[in-house]
Amino acid sequence: MLTKRIIPCLDIKDGRTVKGVNFENLIDSGDPVELASRYALEGADELVFLDITATENKRKTLLELVEKVASVINIPFTVGGGISEVEDVKNLLDAGADKVSVNSSAVKNPNLINQIAERFGNQCLVVAIDAKILNNQWMVHLVGGKVPTEYQLVDWAKEAADRGAGEILFTSMENDGTKAGFAIDALNAVCDAVSIPVIASGGAGTREHFSDVFLKTNCDAALAASVFHFKQIAIPELKSYLKSQNINIRL
Amino acid sequence: MKVAIINYEAGNVKSVQFALQRLGVNPIITDNHDEISSADKVIFPGVGQAKYAMEQLAKKQLDTLIPNLKQPVLGVCLGMQLMCEHSEEGNVGGLGIFKDVNVVKFSSDVKVPCIGWNALELESHFLWKDIPDESYVYFVHSYYVPDCTFAIAKTVYGSTKYTSAMQFENFSAMQFHPEKSGDIGSKMIENFLKQI
């Protein structure tokens with residue numbers, strides 16, 4: 001039986017891992033290569049690496065860093081940040097990424113999803129969505145959460161899946177960095193809307209938050225950053241705990 | 001030992017290269033027929049779309065070279081699917097190494113693509129030396145090879161039991177990514193390289 005995935009996320013700015021609260025007040029949380037190897041050893045099911053400055057500063061993801069991380073880990077590795085054309089995807093895969101994640105550029109140019117899926121297969125493409133509540137509706141935001149769009153969360157998730165996304169990575173900006181739990185209702189709405197895997201992100205603070213997201217939603221994976229970086233939750237203990245809650249987990 | 005990774009613009013060549021390097025083997029990445037034919041072992045990776053990948057193989061005439069290779073060959077993921085007779089993905093003919101085996105899409109009662117770690121039911125085989133039955137490995141795919149006579153490992157997704165690894169003569173194939181399956185996957189690659 002397919003197991004639920006635990007995914008540490010490395011938000012990268014200027015070659016370092018950073019983490020903020022509600023996408024702001026970034027603090028340094030370590031060397032990405034070191035963190036990546038630690039997570040692979042600890043039993044992380046996958047790694048996500050997001051160059052959060054890439055779109056903002058119009059820089060391409062640091063391919064050298066991708067290559068360094070890929071050379072030290074033997075688990076799957078998704079890279080996002082600054083992908084605006086098919087050629088960017090090719091460069092990342094050539095550097096050792098297994099999948100790529102697109103966010104802002106897909107909203108600005110939805111056809112990019114079709115192009116990437118047709119060229120590399122949809123299993124290689126994660127569409128990341130950042131959303132928060134505006135006037136009682138979950139609305140998609142861009143550029144690390146700074147710019148609101150016209151898209152409602154569920155509509156955009158559905159469109160992304162229809163266009164060829166292989167997975168949806170949904171980050172609730174209401175929950176991100178708060179350590180108060182995942183956005184269960186919004187995640188359920190996304191899971192109901194699409195038939196591709198959904199990765200829950202934003203709000204993990206305790207191991208119970210992880211069991212909640214797997215027991216109360218149909219999400220396939222849960223992603224977190226600071227609770228892992230700062231060792232508030234250790235991955236091996238988290239996975240044993242989830243297994244004890246009868247959740248399918250690879251130990 | 002000379003190991004060649006076939007380069008045809010549709011492979012996750014780098015992660016396979018890194019996996020071999022971690023085992024102390026420095027592979028060559030090539031589309032050159034002589035280099036591939038003279039290698040001790042050949043790895044045929046693949047990420048992407050079957051029809052596009054077959055077009056790339058045809059351009060380089062690798063579609064005629066690969067089925068005639070005599071040394072051990074390991075197809076990975078899309079590489080395994082392309083070794084079959086036909087794929088539903090793009091409705092394209094494959095290399096026909098695994099005769100009469102047709103690659104089909106997962107039904108809509110499961111999430112597609114199938115992404116994540118799943119268990120292997122292993123048959124006795126040299127690739128599984130020191131690999132415990134029910135080991136978990138990493139899969140990323142939307143299409144699959146149905147249970148067939150070539151199977152040396154099977155996996156269950158939803159209500160479907162499918163072929164997750166197979167063997168015919170010198171051709172081995174894995175649907176999962178051994179290069180991304182932790183220490184278990186490394187051991188499998190080592191077992192592949194160790195065969196004579």
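Order of the sequence lines fixes the chain letters, A, B, ..., with proteins taken first and strands second; residue numbering starts at 1 for each chain.
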Which one of B/V156, B/V112, B/V110 has the most heavy-atom pairs closer than 4.5 Å to chain A? B/V112
Measure A/N218 against the heavy atoms of chain B and call it side chain, backbone, both or neither at under 4.5 Å. both
Has A/T3 got a side-chain atom pairing as donor or acceptor with B/W117's backbone, closer than 3.5 angstrom? yes
Which bit of A/K90 comes within less than 4.5 Å of chain B, counting heavy atoms only: side chain, backbone, both or neither? side chain
Side chain, backbone, both or neither: which part of A/A70 has an atom under 4.5 Å from a heavy atom of chain B? both
Rounded to the nearest 0.5 Å, how far does CD of A/Q123 lie from SG of B/C77? 6.5 Å
Could you have a look at A/G43, A/A40, A/G96, A/P76 and say which one has the most heavy-atom pairs with chain B under 4.5 angstrom? A/P76
Within residues 171-186 of chain B, contacts to chain A at heavy-atom distances under 4.5 Å involve B/E179, B/K180, B/S181, B/G182, B/D183, B/S186
Can you tell me how far CG of A/L93 sits from OG of B/S15, rounded to the nearest 0.5 angstrom? 9.0 Å
B/K59 atom NZ: more than 12 heavy-atom contacts under 6.0 Å: no
To the nearest 0.5 Å, tell me how far B/K111 NZ sits from A/C191 SG. 4.5 Å
Side chain to side chain contact (heavy atoms under 4.5 Å, CB included) between A/D94 and B/K14, worked out: CA-CA 6 Å; A/D94 284 349; B/K14 203 75 177 191; 5.9 Å; no
How far does OH of B/Y136 sit from CZ of A/R250, to the nearest 0.5 angstrom? 10.0 Å
Under 4.5 Å from a heavy atom of chain A, the part of B/V140 involved: both
Have A/E118 and B/Y52 got a donor and an acceptor in their side chains that come within less than 3.5 Å? no
Step through the shown structure and confirm whether more than 12 heavy atoms of other residues, nucleotides or ligands are within 6.0 Å of NZ on A/K243. yes
Do you know which of A/V72, A/I73, A/N74 has the most heavy-atom pairs with chain B at a distance under 4.5 angstrom? A/N74
Once you round to the nearest 0.5 Å, how far does CZ of B/F18 lie from NZ of A/K68? 11.5 Å
Strictly less than 4.5 Å between heavy atoms, which residues of residues 192-204 of chain A line up against chain B? Please order them by number. A/S195, A/I196, A/P197, A/V198
Distance, nearest 0.5 Å, that separates NZ of A/K99 from CD1 of B/I115: 4.5 Å
Just checking B/K60: does its NZ atom have more than 12 heavy atoms from other residues, nucleotides or ligands closer to it than 6.0 angstrom? yes
Looking at side-chain heavy atoms only, is the closest gap between B/Y138 and A/E46 below 4.5 Å? yes
So for A/A221, is it side chain, backbone, both, or neither that comes closer than 4.5 Å to the heavy atoms of chain B? neither
